[in-house]
Amino acid sequence: MANSGTAKIIDGKAFAAGLREKVAKQVAKLKADHNVTPGLAVVLVGENPASQVYTRNKSKQTVESGMESFKFDMPADTSQETLLGKVAELNADARVNGILVQLPLPDQIEEHAVVNAIDPAKDVDGFHVINTGLLATGQDALVPCTPLGCLMMLKDELGDLQGQKALVLGRSNIVGKPMAMLLIKESCTVTVAHSRTRDLPAEAREADILVAAVGRPQMVKGDWIKPGATVIDVGINRVPAEEEGKTRLVGDVDFDEAVNVAGAITPVPGGVGPMTIACLLHNTVTACCRQNGIDVPEA
Ligand code: GUN
């Protein structure tokens, strides 16, 4: 088999640590040179255990980077009106440069209504229609964190991406669609595939860059991958482990097969996952600088 077992493992954990270090230096400069401390507000509604872990980590890393963290845990039966009231309060709070409302939200709350109520300048998730539109039209947007992290790793690995054939597997608003927009902006030839795509393996085999974001454990097999391709695995799926009663995390890509074919690949865990929060911190610094009319400091 071509390239047998030789794929480079892209170390997202180390990449994210480097980005967090850079953000911490930028925060220190903002404090020293401008007397400005970026602040991030994280709102969690309900008690989804995965969301509790994510939001706790987001707040912890915000503090570790020297920024101010504001955390709001609201009960699962919170009304849309109450949540919109909290968003309005945070929009008006000058100490808060970034607002993140953790998704998914409970059924009584309409996600789009909440996301679009956030001041677009504070929308560090990049989910507001204004930021989505800015990204789609190639203008300066706050870019969703997970695809931004994927793009950073791809550029670090491959340099200039122009002319590369990219397949984005998944069409979510959080990952698939913004990932496709970012790759178009980099002058890739982009295909967006999904559950209704006619011949997924054939589409995948054409791709120099494959980004898998479908949430299906180990769906992408080794023989779907073009030899030497760069594979970015966004999936975080918990599956039963061999040992009875235990679980383990796997991606959307069958890593053990793919590593024999790909040129480079992100592992799960330790690939895309750690980059998401690092990019959130990066976006908060960007938002803070824009709100204060300051150039983003060199790190
Ligand atoms: N739920 C899963 N991923 C995300 C994310 O990036 N941002 C928010 N707000 N919620 C999420």
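Ligands are counted one by one from 1 in listed order, and the atoms in each one are counted from 1 as well.
- The closest approach between any non-hydrogen atom of Thr146 and ligand 1 is not below 4.0 Å.
- Side-chain N or O atoms of Thr266 include one that pairs as donor or acceptor with a backbone N or O of Asp233 at under 3.5 Å.
- Between Asp254 and Lys221, at least one side-chain nitrogen of the basic residue sits less than 4.0 Å from a carboxylate oxygen of the acidic one, meeting the salt-bridge criterion.
- Contact annotation: the side chain of Pro144 never approaches that of Ile174 to less than 4.5 Å [non-hydrogen atoms, C-beta and beyond].
- Residue contact annotation: Tyr54 has no non-hydrogen atom under 4.0 Å from ligand 1.
- Ionic pairing of Asp93 and Arg95 is present here: one or more N-O contacts between side-chain nitrogen and carboxylate oxygen are shorter than 4.0 angstrom.
- When non-hydrogen atoms are compared, ligand 1 lies under 4.0 Å from the backbone of Val101 (N, CA, C, O) but not from its side chain.
- Distance from atom 11 (C) of ligand 1 to its nearest protein heavy atom, with residue and atom name: Gln102 NE2, 3.5 Å.
- A salt bridge links Lys8 with Glu157: the closest approach of a Lys/Arg side-chain nitrogen to an acidic carboxylate oxygen falls below 4.0 angstrom.
- Near Leu100, meaning under 4.0 Å from any of its heavy atoms, are these atoms of ligand 1: 9 (N).
- What sits closest to atom 10 (N) of ligand 1 on the protein, heavy atoms only, is Leu103 N, 3.0 Å.
- Counting only heavy atoms of the protein, atom 5 (C) of ligand 1 lies nearest to Asp125 OD1, 3.8 Å.
- Of the charged side-chain nitrogens involved, at least one lies within less than 4.0 Å of a carboxylate oxygen, so that Lys155 and Glu186 count as a salt-bridged pair.
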